[in-house]
Structure formats: structure tokens, C-alpha cells
Amino acid sequence: QIQLVESGGGSVQTGGSLRLSCKSSTDIILNYCMAWFRQAPGKQREGVVTLDSDGTTTYTASAKDRFTISKDNAKYTLYLQMNSLKPEDTAMYYCAADLVTLAWCSGGFLRWPRDDAYWGQGTQVTVSS
């Protein structure tokens, strides 16, 4: 059974950094479209960044230049390095995986992820001013 388990969330002040991790129970990280999403209280879930199987990354405007997605295939682990954090980054962060085309991974997946993609349970990030 495929499971994704996030960790690394916490509370930081504005301008701080955190590194989130998402450990997969299987090797789907090698071939699936991997992504980070977030959901703030009272708001809809939003995409943050995707990483497709050939290494292409796609960032949303809010994450570009501050966040970096990466993965360690040997450890089946996806990462999200977040720098220069702002209060508006406060949210529950989720990793997700889906078997989609490369084109969809870099385009539609961030905006229209499937509910039956694989999702982790989330890790909370809180940024105080």
C-alpha cells in the first residue's frame, strides 16, 4: 500500500526557513509526478510546486524564488526547502503523487489535482510576524 508521510513542519518567524520531508512507502517517487500543496484555514487548497519524473519543476508564483523542491530517490523522500517565509505561507502542507503525463504534471496537476491521487496527512507550517 502506498503511503506518504510528511514531516518537518513547525513554527518560525518571518524570514525563517523550514525543510519539509515526504517519505513514500514505495518507489513511486521515481516515476510519479510529485507535488506539494497547501491549505490555509478557511481557504481552498492550492498548489505550490511539482516535480516530474524527468526532473522538471514547476513553481507557482507564491513559491518561486523562495521554495525549492527536490527528492532523494534512494530514500524515497521528497523535500520542500522553504526560505524567506512569510505569514501568508502559514498553512497545512501536503505532498501528493499521481501517475500523469509530464505535460499534466507541469501544468494541470497544480490546479486540478485528482482527489484519488495519493496524499499525505499534512504537516503544519506557522509563520509569525
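Everything numeric in this text was worked out from a predicted model, so none of it was measured.
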For Ser129 and Pro87, the nearest pair of non-hydrogen atoms, with its separation, is CB-CG, 4.0 Å

Atom pair OG (Ser11) and CD (Gln13), whose distance is rounded to the nearest 0.5 Å: 10.0 Å

Can you tell if the side chain of Val125 reaches within under 4.5 Å of the side chain of Leu20, non-hydrogen atoms only? yes

Tell me if a side-chain donor or acceptor on Thr77 pairs with a main-chain N or O of Ser21 at a distance below 3.5 Å. no

Cluster overlap Tyr76 with Leu51, hydrophobic side-chain contacts below 4.5 Å: yes

Expected output: side-chain Lys71 to main-chain Gly55 donor-acceptor under 3.5 Å: no

Keeping Tyr59 on the side-chain end and Ile69 on the backbone end, is there a donor-acceptor pair under 3.5 Å? yes

Glu88 atom CD, neighbour heavy-atom count above 12 within 6.0 Å: yes

Here the pair of heavy atoms bringing Trp119 nearest to Pro113 is CZ2-CB, 3.7 Å

Shortest non-hydrogen contact from Arg45 to Asp115? NH2-OD1, 3.6 Å

Taking atom CZ of Arg19 and atom OG of Ser7, what is their separation to the nearest 0.5 Å? 9.0 Å

same_hphob_cluster(Met82, Val49) at 4.5 Å side-chain heavy-atom cutoff: yes

Close side-chain approach of Val48 to Phe67, heavy-atom, < 4.5 Å: yes

Return a table of donor-acceptor pairs under 3.5 angstrom between the side chains of residues 26-37 and protein atoms on other chains or two or more places apart.
residue: Thr26; atom: OG1; partner: Ile28; partner atom: N; Å: 3.3
residue: Trp36; atom: NE1; partner: Tyr79; partner atom: O; Å: 3.2

Main chain of Ser128, side chain of Thr14: is a donor-acceptor contact present, judged purely on distance under 3.5 Å? yes

If you round to the nearest 0.5 Å, how far is CG of Leu99 from CZ of Arg114? 8.5 Å

Would you say the side-chain atoms of Thr123 pair up with the backbone N or O of Glu6, donor to acceptor, closer than 3.5 Å? no

I want to check something: taking the side chain as every heavy atom from C-beta on, are Asp89 and Arg66 in contact at a cut-off of under 4.5 Å? yes

Contact between Leu102 and Ser53 at the side-chain level, heavy atoms closer than 4.5 Å - yes or no? yes

Please report the closest heavy-atom contact between Ala97 and Ala117, naming both atoms and the distance. O-CB, 3.4 Å

Closest non-hydrogen atoms of Ala96 and Phe109, given as atom of the first, atom of the second and distance, are CB-CZ, 4.2 Å

In Å and rounded to the nearest 0.5 Å, what is the SG to CG distance from Cys95 to Leu78? 6.0 Å

Quick one: CG on Leu80 to CZ on Arg38, what's the gap to the nearest 0.5 Å? 9.5 Å

Taking side chain as C-beta onward, heavy atoms only, is Thr60 less than 4.5 Å from Glu46? no

Where Thr50 and Ser106 come nearest, the two heavy atoms and their spacing: OG1-CA, 4.2 Å

